[in-house]
Amino acid sequence: MPKGVYECINCGHREVLDSTEPLIEKGCPKCGGDMVLVEFQTEPEELTLPLHHDVPFLPEAVERKVKEFYDAELERIDGRVFVFKVREIREENFERVLSELEELGYWAALKKRGGDILLFVFPAQGIKEDNRWLPWIFLIATIFTTLFAGYYLSSLYIQLLDYYNLPGIRNPYVNAVAFSISVMAILGTHELGHKIAAAYHGVRATMPYFIPFPSMLGTLGAVIRVKSPLPTRNAAIDLGVSGPIAGFLVAIPVSIIGLKLSVPIPQHLVPPTEGGIVFGENLFFMLIEKYVVTFPENSVVFLHPVAIAGWVGILVTFLNLIPAAQLDGGHIARSFLGEKAHRYLTMVVGLVLIGMSFLWIGWLIWGMLVLLMGSVGNPGALDEVSPISRKRLLLAIIAVIIFVISATPRPMWVSG
């Protein structure tokens, strides 16, 4: 009869016992914690001694997998991490390596240290189940807040039409719904892009969490949390670019439609006002206004709520592509940089953003946020040895182009 290999859930002590029960309550001889069955042992005479003395061991099935994928030898054991020195990589697809090791309860990381290639094998971490209802609650709340924001923006737009006696959509509810749908479509597509890329590479990620906020825009955006490590640098680039590209593609038609609904007023007819919100321009909107939706010269353009939704989508794309910390642009940059260089880049970007607060006070908050996130670091992909493919290099270049044309140095300010 096989014996059971048990591990204490409190202190990690391992021991072979004459039992196959899944749980032995208060069975740990060291701390009195519960002992959990982690595997069966059919050759106890070889493993009892090291287990009893708390020397960790690598299951034979895991070691066979390592030998199948790599010509490697065990160099040292750091805690519960088994470090192999790799002489030859037999399996180029690291995602396959990670997937098959994960089935055995282990993860791996392939790193360069000096002139050596090292493979780190360690127990996979448990992943908590998602809260099924919370994303839906946040989604419904954000729909309401964006509807209220759209109604407010629509009322200002209708007042303008009435003041200048201009034709336009005067139904505030239609404008509010159009604004809400536009914003939610851009943000939702952005996060859906991340979700699809994560699923493609076998990375566990939560459902999108929309962030409701009672403001002129009705939301602070949306987020998706990655719950397992990124396997390769290619995967990190895919996850980094997928959201911004997807959201940007939706923001293009939204912005064009919104600008067509917007109202240009000759500048000499616009009385000087104080307290009005002025939206900063970016290269993307400038190109649309020059080649797609042209406005008369020396005119002031009053944006339709849908145009504001497109502008918000472009701004969100720009902010997410900032190459720092754990932002989308930060993951892309980390794929090309070592951890230390990426930390320095994050610090520089954070300080530059703080320095830009004279243009927009929001940069002060963003700079502090980047520095705070940067203090945690960005571990990067598990495999930092395999080369980045040409397709991912192209995607990274596309991300840089989108970052440049969506850049809005001074997003908004109050006229006066």
Side-chain angles (χ1 to χ4, degrees), residues 134-192 208-223 247 250-265 270-271 273-282 285 288-289 293 295 299-319 360-362 408 411-416:
L134 198 57
W136 294 103
I137 294 173
F138 275 80
L139 171 63
I140 294 172
T142 307
I143 291 175
F144 277 104
T145 55
T146 53
L147 282 172
F148 283 122
Y151 186 88
Y152 169 74
L153 295 172
S154 178
S155 65
L156 298 179
Y157 174 75
I158 294 172
Q159 288 177 19
L160 179 77
L161 296 180
D162 293 339
Y163 182 83
Y164 289 99
N165 194 26
L166 295 171
I169 302 174
R170 282 180 162 79
N171 189 322
Y173 300 103
V174 171
N175 290 330
V177 170
F179 173 81
S180 177
I181 291 176
S182 299
V183 169
M184 298 297 288
I186 295 171
L187 298 179
T189 305
H190 180 116
E191 300 306 327
L192 184 61
Y209 284 82
F210 290 88
I211 306 175
F213 189 71
S215 66
M216 183 181 68
L217 302 178
T219 179
L220 292 178
V223 296
V250 176
I252 292 175
V254 169
S255 300
I256 293 174
I257 294 171
L259 286 175
K260 285 183 175 293
L261 295 172
S262 299
V263 180
I265 305 294
V270 179
T273 57
E274 293 186 4
I277 301 297
V278 181
F279 294 94
E281 281 199 310
N282 49 63
F285 261 64
I288 290 180
E289 292 172 5
V293 183
F295 295 111
S299 62
V300 178
V301 180
F302 290 89
L303 297 179
H304 185 274
V306 172
I308 295 176
W311 181 89
V312 170
I314 298 301
L315 178 64
V316 168
T317 300
F318 166 58
L319 295 175
W360 179 50
I361 191 61
T408 314
M412 62 177 66
W413 65 94
V414 178
S415 63

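Nearest approach of Glu191 to Ala222, heavy atoms of both residues: OE2-O, 2.8 Å. Looking at every heavy atom in both residues, Leu217 comes nearest to Ile308 through CD2-CG2, 4.1 Å. The nearest pair of heavy atoms linking Thr146 to Ile143 is OG1-O, 2.9 Å. Across all non-hydrogen atoms, the minimal contact from Ala149 to Phe179 is CB-CE2, 4.0 Å. Shown here for Ser182 and Ala309, the closest heavy-atom pair between the two residues is CB-CB, 3.6 Å.
Here CG of Leu303 is found 10.5 Å from CG of Leu160. Values are rounded to the nearest 0.5 Å. Between the CD1 atom in Ile137 and the OG1 atom in Thr142 there is a gap of 11.5 Å [rounded to 0.5 Å]. Distance check, rounded to the nearest 0.5 Å: CG of Leu156 to CE of Met216 gives 9.0 Å. One distance of note links CD1 of Ile361 with CH2 of Trp413; it measures 15.5 Å at 0.5 Å rounding.
Environment of CH2 in Trp136: sparse, with no more than 12 heavy atoms of neighbouring residues, nucleotides or ligands closer than 6.0 Å. Within 6.0 Å of CZ on Phe295 lie more than 12 heavy atoms contributed by other residues, nucleotides or ligands. No more than 12 heavy atoms of other residues, nucleotides or ligands shown are found within 6.0 angstrom of OH on Tyr152.
Annotation: side chain of Val278 is not in contact with side chain of Met412 (no heavy-atom distance under 4.5 Å). Counting heavy atoms from C-beta on, the side chains of Ser255 and Ile288 come closer than 4.5 Å. Counting heavy atoms from C-beta outward, Ile211 and Phe138 have side chains that stay 4.5 Å or more apart. When side chains are defined from C-beta on, Thr408 does not count as touching Trp360, because their heavy atoms never get closer than 4.5 Å. Leu153 is not listed as a side-chain neighbour of Tyr157, based on a closest heavy-atom distance of 4.5 Å or more. Counting heavy atoms from C-beta on, the side chains of Val301 and Val263 never come closer than 4.5 Å. Contact check for Tyr163 versus Pro271: side-chain heavy atoms found under the 4.5 Å cut-off. By the 4.5 Å heavy-atom criterion applied to side chains, Ile277 and Phe279 are counted as neighbours.
The closest donor-acceptor contact from the side chain of Thr189 to the backbone of Ile186 lies at 3.5 Å or more, if one exists at all. Panel note: side chain Ser180, backbone Ala176; no donor-acceptor pair is recorded below 3.5 Å. Of the possible polar contacts, one joining the Ser262 side chain to the His304 backbone as a donor-acceptor pair under 3.5 Å is found. Asn175 places a side-chain N or O within 3.5 Å of a backbone atom of Ile169 that can act as its donor or acceptor partner. Counting only distance, with no hydrogens or angles, the side chain of Trp311 and the backbone of Gly280 share a donor-acceptor pair below 3.5 Å. Looking at Arg170, its side chain does come within 3.5 Å of a backbone N or O of Leu161 through a donor-acceptor pair.
Taking the six-membered ring where the residue is Trp, Tyr173 and Tyr151 present tilted rings, their angle falling between 30° and 60°. Ring planes of Tyr164 and Phe302: tilted class, angle from 30 to 60°.
With Val316 as the partner, the side-chain contact (heavy atoms from CB on, under 4.5 Å) test is satisfied by one option alone out of Leu220, Leu187, Thr219: Leu187.
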Next on the checklist: Would Leu166 and Ile265 count as a side chain to side chain contact (heavy atoms under 4.5 Å, CB included) here? Give the steps.
Outcome noted: CA-CA 10 Å; Leu166 295 171; Ile265 305 294; 3.4 Å; yes

Item to check | Ile252 vs Val250, side chain to side chain contact (heavy atoms under 4.5 Å, CB included): CA-CA, chis, key distance, verdict | outcome: CA-CA 5 Å; Ile252 292 175; Val250 176; over 6 Å; no

